[in-house]
2 protein chains.
Amino acid sequence: MQSYTEENYLKIIYHLSEISHPVLTNAISERIQTKAASVTDMIKKLSEKGLVNYVKYQGVTLTDKGRSTAINIVRKHRLWEVFLVDKLNFKWDEVHEVAEELEHIQSNLLIERLDEFLNFPRVDPHGDPIPDKHGNFAELALVKLSKLKPGDQGTITGVSEHSSAFLKHLEKLSLTLGKQIQIIEVLAFDGSVELLVEQQKTNISREVAKYILITKS
Amino acid sequence: MQSYTEENYLKIIYHLSEISHPVLTNAISERIQTKAASVTDMIKKLSEKGLVNYVKYQGVTLTDKGRSTAINIVRKHRLWEVFLVDKLNFKWDEVHEVAEELEHIQSNLLIERLDEFLNFPRVDPHGDPIPDKHGNFAELALVKLSKLKPGDQGTITGVSEHSSAFLKHLEKLSLTLGKQIQIIEVLAFDGSVELLVEQQKTNISREVAKYILITKS
DNA sequence: AAAAATTTTTAGATTTGTCTAAATAATGAA
DNA sequence: TTCATTATTTAGACAAATCTAAAAATTTTT
Ligand SMILES: [Mn+2]
Ligand SMILES: [Mn+2]
Ligand SMILES: [Mn+2]
Ligand SMILES: [Mn+2]
């Protein structure tokens, strides 16, 4: 059994693993809002528990045990987010913080029953895939909106930034999951993107475009 | 904002307040599975935060602020228990431990929406009243089964012990909420009670009888 | 390749909640 | 009322998770 804090470290390491291998101390410390020295301490502890492989000054990778623990936390996080949106009428920008707490509730029965109650959803309100009880899930082939060229079309199927500020911004621009879009122009000097949604022209910054994930069509 | 641990102390003090005023250190230490010395430390802290009134060697009572905090935790605990039984098909003996964790999730929106989703239930799966968002609830006039006399009739409307072992035992005897019962005899030498449930004679120990709450009819 | 800058680790301290052992206060019996 | 028992508090210590400041390793620049 892991503590609340250990679970958070495992989850962060899991997410950062998709960006860099191995995961560096500073990357963790930035994400989790703690000093690098504290991260080193915790990594040593996780290493002694057999949840990560740690090489001094090189960084960490998850062991199988660490990864499956992390995936289970991600599963719980995303199922709770679906619950909040589908059953309790939360908006997609209101769920993340609450799910950060709910993901640590310890009960297999609870999470399996919740999965069933929600009808075994495959994706969460931000388009992220939900692992099944064995930790399996299909990685979707999504491309960042910022990678598209003028004329490209597609559907918004995910976002890689979950802050309320960002999601509210998207909502205001009607850039929500399922919406069809078409690129009109990518401005050379700042990388901002002009695009078409629901017959409306909109302009978004390169920053925003990087966080919107598209299924091309 | 209180820590997980502080919340648990407040809740225990609240429950024990119905038995003794003020609440004694040892009573808390037994209930919460910690040593009396640790309880003293925590009580001092809660006192400094204005959540309890503490007189050395006399015990503690909740302040208004402490009581309303405690009631809110009880509200959350009981609403989650209803959720688990009504929506996720948990049995009444499976909910308490999970609710002990869920009651600490911090989100007013969550709990108000949950209340609405459950259709504003008045009692939890053990017959305990659920405080509304202002902390108000009707105290039910229940009497312990162990206080009844031969010939007395009534309905099981609550239990004052929530352990799985106890509740499974009741289930086995068909002594669940809503059942009509009639006392046949109270045995003098051990206080055990013979009673009628669904045309069946059953015998329960005095211990068990004390934990079953009845509305007389 | 050496010097400078950056990253990571170590050392020592702090806070929270807990413990054991000893001291003190309250209660009950003689 | 004095003695013995029980309840409660104090003193000092410990584990978990964090911090700051300093040391060590790694990477980058010259
Ligand atoms: Mn989230
Ligand atoms: Mn999500
Ligand atoms: Mn309960
Ligand atoms: Mn209950």
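A quick note: this is a predicted structure, and the numbers were derived from the prediction, not measured. Below, chain A is the first sequence line, B the second, and so on; all start at residue 1.
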Pi-cation contact, A/F90 with B/R113 (under 6.0 Å, within 45°): yes
In this structure, is the centre-to-centre distance between the rings of B/F83 and A/F83 below 6.0 Å? yes
I want to confirm an ordering. Mapping A/K56 and A/E6 to their closest nucleotides on DNA chain D, which one lands closer to the 5' end? A/E6
Of A/Y57 and A/S3, the one whose closest nucleotide on DNA chain D sits nearer the 5' end is A/S3
Are B/T5 and C/dT16 close enough that a side-chain N or O sits under 4.0 Å from OP1 or OP2? no
In whole angstroms, the gap separating C1' of C/dT16 from OH of A/Y4 amounts to 16 Å
Work out which heavy atom in A/V186 is nearest to a heavy atom in A/L148; give both atom names and the distance. CG2-O, 4.0 Å
Look at the side-chain N and O atoms of A/Y9 and state whether any lies under 4.0 Å from the OP1 or OP2 oxygen of D/dT18. yes
Grab the CG-C1' distance between B/L46 and C/dT18 for me, whole Å please. 15 Å
Nearest-Å distance for atom pair CD/C1', residues A/Q2 and D/dA16: 15 Å
Would you check if A/L142 and A/T157 make a side-chain contact, meaning some heavy-atom pair closer than 4.5 Å? yes
Ignoring backbone atoms, test whether A/N26 places a side-chain nitrogen or oxygen under 4.0 Å from the OP1 or OP2 oxygen of C/dT6. no
Give, ordered by number, those residues of residues 30-43 of chain B having at least one heavy-atom distance below 4.0 Å to an atom of DNA chain D; if nothing qualifies, reply none. B/A36, B/A37, B/T40
Take atom CG of B/L24 and atom P of D/dT9, then tell me their distance rounded to the nearest Å. 9 Å
Any chance you could measure A/I43, atom CD1, to A/D41, atom CG, to the nearest 0.5 Å? 9.5 Å
Partner of A/E103 under side-chain hydrogen bond (donor to acceptor under 3.5 Å, both in side chains), picked from A/R78, A/K11, A/R75, is A/K11
D/dT18 P sits how many Å from A/K44 NZ, rounded? 15 Å
Spacing of CD1 belonging to A/I111 relative to CG belonging to A/N108, to within rounding of 0.5 Å: 9.0 Å
If you look at every strand shown and take non-hydrogen atoms under 4.0 Å, does B/Y54 touch a base, only sugar-phosphate, or nothing? sugar-phosphate
